[in-house]
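Order of the sequence lines fixes the chain letters, A, B, ..., with proteins taken first and strands second; residue numbering starts at 1 for each chain.
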Amino acid sequence: MLRISTKSVDMDTIVSLCKRRGYVFPSSEIYGGLGSAWDYGPLGVELKRNVREAWWRANVQERDDVVGLDSAIILNPQAWVASGHVKGFSDPLVECLACNQRFRPDQVLAGEVVRFGTPPIVYFTTLNAVDYQREWARAQLAPGADSGTVMSASPPPRTFQQFDSKKLPCPFCGAIGQFTEPRQFNLMFKTFAGPVEDAASVVYLRPETAQGIFLNFQNVLTTTRRKLPFGIAQIGKAFRNEITPGNFIFRTREFEQMEIEYFVKPGEDEKPFQDWLQQRFNWYLNLGLRKENLRLRQHGKDELAHYAKDCYDVEYLFPMGWSELEGIANRGDFDLKQHSQHSGKDLSYFDEGTKEHFIPCVIEPSAGVDRSALAFLIDAYDEEEVKGEKRAILRLHPALAPIKVAVLPLSRNEKLVPLGREVYSTLRKSWMVQYDDAQSIGRRYRRQDEIGTPFAVTIDFQSLEDNMVTIRSRDSMAQIRVPIATLRGTLGKKLAGEAIEALPEGGVMWKTEEKQETAKA
RNA sequence: GCGGGUGUAACUCAGCGGUAGAGUGUUUGCUUCCCAAGCAAAAGGUCGAGGGUUCGAAUCCCUUCACCCGCUCCA
């Protein structure tokens with residue numbers, strides 16, 4: 001794809017364009033808005049639909065080892081107890097009153113923090129559970145040995161100390177005794193199922209779509225007769241009471257996820273994990289994100305959840321810096337094990353070959369629809385100089401562009417309109433197409449450039465005589481002239497990536513400059 | 001939640017005690033009109049909201065809401 005300039009764009013430019021052209025509106029705007037909520041307009045809804053479809057196509061339709069699912073947003077609350085979200089998806093935070101910085105107590109203390117009750121009393125220990133286990137195991141080995149097998153039961157319980165806000169120094173400004181008491185932030189939206197608002201009817205809006213997949217593991221297994229390895233894919237809304245939402249649609253409290261849980265036999269996780277990393281990274285590249293704006297970053301040990309074996313983020317260079325589009329985690333057998341324990345149901349897999357039962361391990365590529373859409377918009381945005389005027393273009397991949405083709409009669413002349421309408425109604429059967437006959441042709445090209453429409457079909461007076469129309473490329477502004485009979489097929493090829501210069505039977509190059517000079521002479 | 005900043009037309013902004021403005025965009029008409037064209041016209045604002053001071057408030061004061069930047073978290 002042709003790239004004339006590669007200058008970066010700031011978020012305000014994108015927000016403004018989105019509002020002005022109907023991609024994204026501030027939610028509840030006539031009531032003064034609602035923090036961090038955004039509505040997708042006529043173009044935005046198409047873009048998101050295209051992102052979802054591209055994802056579904058690559059991860060479900062074109063694979064024979066992944067099937068889809070659409071689980072409920074509201075699950076049995078026990079699901080969130082088992083997943084750890086009820087306890088763990090909340091963070092006690094302390095704030096330094098001297099410098100107004102906020103910390104998690106474990107960052108102040110460099111250890112693991114456990115909290116109880118509301119308000120929470122925070123306890124900490126200098127070692128987290130995994131390190132503790134490891135340290136303990138090492139202590140059991142013969143003196144001087146680096147490795148070996150420890151034949152013993154579990155280590156003794158760790159000792160915890162209570163967090164004391166009055167004695168600890170602030171890691172940022174060093175002030176002592178300036179911390180607030182730990183405050184609980186529960187990131188799950190809580191509501192009530194049924195008309196009575198009591199404790200027994202509390203339910204949560206899902207903070208991720210993944211758990212709905214784990215809950216249906218056995219259902220999918222038995223109904224589809226799948227064998228490991230296989231995956232379940234799901235797209236849907238999720239809700240998190242983020243402490244700090246922001247950066248436009250990057251972090252919102254209501255957002256949409258595209259998640260896969262890929263189940264593998266324990267010990268056979270490494271290759272599929274590496275495969276998923278590559279495939280997910282390439283998915284973004286194939287849809288047009290520039291390579292220099294995309295990277296794969298491995299999580300440090302301190303970033304990993306205690307059960308996770310490995311995790312990479314696909315990151316994009318947003319205006320506010322490198323930020324996560326997707327997390328791909330090698331999660332071990334934690335999830336199914338948790339649900340098996342809490343539900344009392346057997347979630348193991350029976351391997352016909354080896355005649356053994358085991359809990360499958362899970363690889364989880366988890367992407368954000370809204371974030372992807374934002375990255376595609378930002379990466380596609382371009383400005384160039386055309387005859388001293390600024391041309392703003394969204395160089396969106398044709399698969400993502402909300403409108404594929406614009407039909408533009410040269411003017412609103414009564415002779416041109418019927419043919420324009422006819423072409424429009426024919427093409428609409430294949431794609432999202434826009435018809436526009438208002439104002440000058442140049443202005444309409446620019447309008448389509450700005451919303452990312454890859455091709456414009458122009459009907460002129462000559463079309464009435466020779467039954468040919470021009471196709472104009474958004475990226476190069478080059479034009480060809482083709483018989484109307486071949487229009488649909490030709491556009492199909494162009495949208496699939498064929499060069500604009502490739503001509504169908506009876507087609508010709510259309511030379512704007514010569515024509516203009518002729519007209520002037 | 002805390003600190004700092006900003007709210008005026010669809011967008012970008014000016015005005016900062018005395019009749020609400022500009023550019024862009026949008027709409028309509030005319031022109032056989034191919035790259036933000038020309039000419040003519042029009043629509044569009046309870047100046048974020050509420051209260052106060054004042055003869056008079058977009059402008060000064062208070063409150064509130066939203067947004068932006070930072071801190072934490074994450075798709």
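- Inter-residue side-chain proximity for Ile260(A) and Trp276(A) is flagged as met; some heavy-atom pair is nearer than 4.5 Å.
- Relative ring orientation between His85(A) and Trp80(A) is described as perpendicular, the plane-to-plane angle rising above 60° on a 0-90° scale split at 30° and 60°.
- Across all strands shown, C47(B) forms no Watson-Crick or G-U wobble pair with both key distances under 3.5 Å.
- Among pairs with a residue in residues 273-289 of chain A, those fulfilling salt bridge (charged side-chain N to carboxylate O under 4.0 Å, His left out) read Lys271(A)-Asp275(A), Arg280(A)-Glu326(A), at least two apart in sequence or across chains.
- One can place CD1 of Ile471(A) at 19 Å from P of C34(B), the figure rounded to the nearest angstrom.
- Taking a cutoff of 4.0 Å between a charged side-chain nitrogen and a carboxylate oxygen, Glu256(A) and Lys237(A) do not qualify as a salt bridge.
- With sequence neighbours left out, Phe376(A) forms a ring-ring contact (aromatic ring centres under 6.0 Å, His included) with no residue at all.
- Put simply, Lys19(A) has no side-chain N or O that comes within less than 4.0 Å of OP1 or OP2 on A10(B).
- Comparing atom distances between the Lys415(A) side chain and each of C69(B), C74(B), U32(B) picks out U32(B) as nearest.
- Shown here are the ring-ring contact (aromatic ring centres under 6.0 Å, His included) partners of Phe455(A), two or more places apart in sequence or in another chain: there are none.
- Across the C1' atoms, C34(B) and U28(B) are found 23 Å apart, a figure rounded to whole Å.
- Across Leu374(A) and Asn247(A), no two heavy atoms sit closer than the pair CD2-O, 4.1 Å.
- We find that the ring of Tyr445(A) and the base of A36(B) do not stack by the test of centres under 5.5 angstrom and planes tilted less than 30°.
- Contact annotation: the side chain of Tyr204(A) approaches that of Val86(A) to within less than 4.5 Å [non-hydrogen atoms, C-beta and beyond].
- Where Leu464(A) and Gly442(A) meet RNA chain B, the nucleotide closest to each residue was compared, and Leu464(A) sits on the side nearer the 5' end.
- With rounding to whole Å, Asp460(A) atom CG is found 9 Å from C34(B) atom P.
- Using a 4.0 Å heavy-atom distance criterion, Phe248(A) is classed as a sugar-phosphate-only contact.
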Please tabulate, one pair per line, each protein N/O and nucleotide N/O from nucleotides 5-9 of chain B that are separated by under 3.5 Å, including the distance.
none

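- The two residues Pro365(A) and Ile363(A) have their closest heavy-atom pair at CD-O, 3.4 Å.
- Partner assigned to C39(B) is G29(B), using Watson-Crick or G-U wobble distances below 3.5 angstrom.
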Restricting both atoms to N or O, compile the protein contacts to nucleotides 23-27 of chain B shorter than 3.5 Å, with distance only.
| residue | atom | partner | partner atom | Å |
| --- | --- | --- | --- | --- |
| U26(B) | OP1 | Arg447(A) | NH1 | 2.1 |
| U26(B) | OP2 | Gln439(A) | OE1 | 3.4 |
| U26(B) | OP2 | Gln439(A) | NE2 | 3.1 |
| U26(B) | OP2 | Arg443(A) | NH1 | 3.4 |
| U27(B) | OP2 | Gln439(A) | OE1 | 3.4 |
| U27(B) | OP2 | Gln439(A) | NE2 | 3.4 |

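- Rounded to an integer number of Å, the gap from CG of Asp12(A) to C1' of C69(B) is 11 Å.
- Taking side-chain N and O atoms only, Asn413(A) has no distance below 4.0 Å to OP1 or OP2 of C30(B).
- In a base pair of the Watson-Crick type (N1 to N3 plus N6-O4 or O6-N4) or a G-U wobble (N1-O2 and O6-N3), with each distance short of 3.5 Å, C55(B) is matched with G18(B).
- Summary of the strand contacts: Glu326(A) and Met320(A) both lie near RNA chain B, and taking for each the nucleotide with the nearest heavy atom, the more 5' one is attributed to Met320(A).
- Base pairing annotation: C67(B) forms a Watson-Crick or G-U wobble pair with G5(B), both donor-acceptor distances under 3.5 Å.
- Stacking of Trp510(A) onto the six-membered ring of C34(B) is present: less than 5.5 angstrom between centres, less than 30° between planes.
- In this structure Phe217(A) satisfies the ring-ring contact (aromatic ring centres under 6.0 Å, His included) test together with Phe263(A), sequence neighbours excluded.
- With A36(B), C67(B), C34(B) as the candidates, the nucleotide lying closest to the side chain of Thr470(A) is C34(B).
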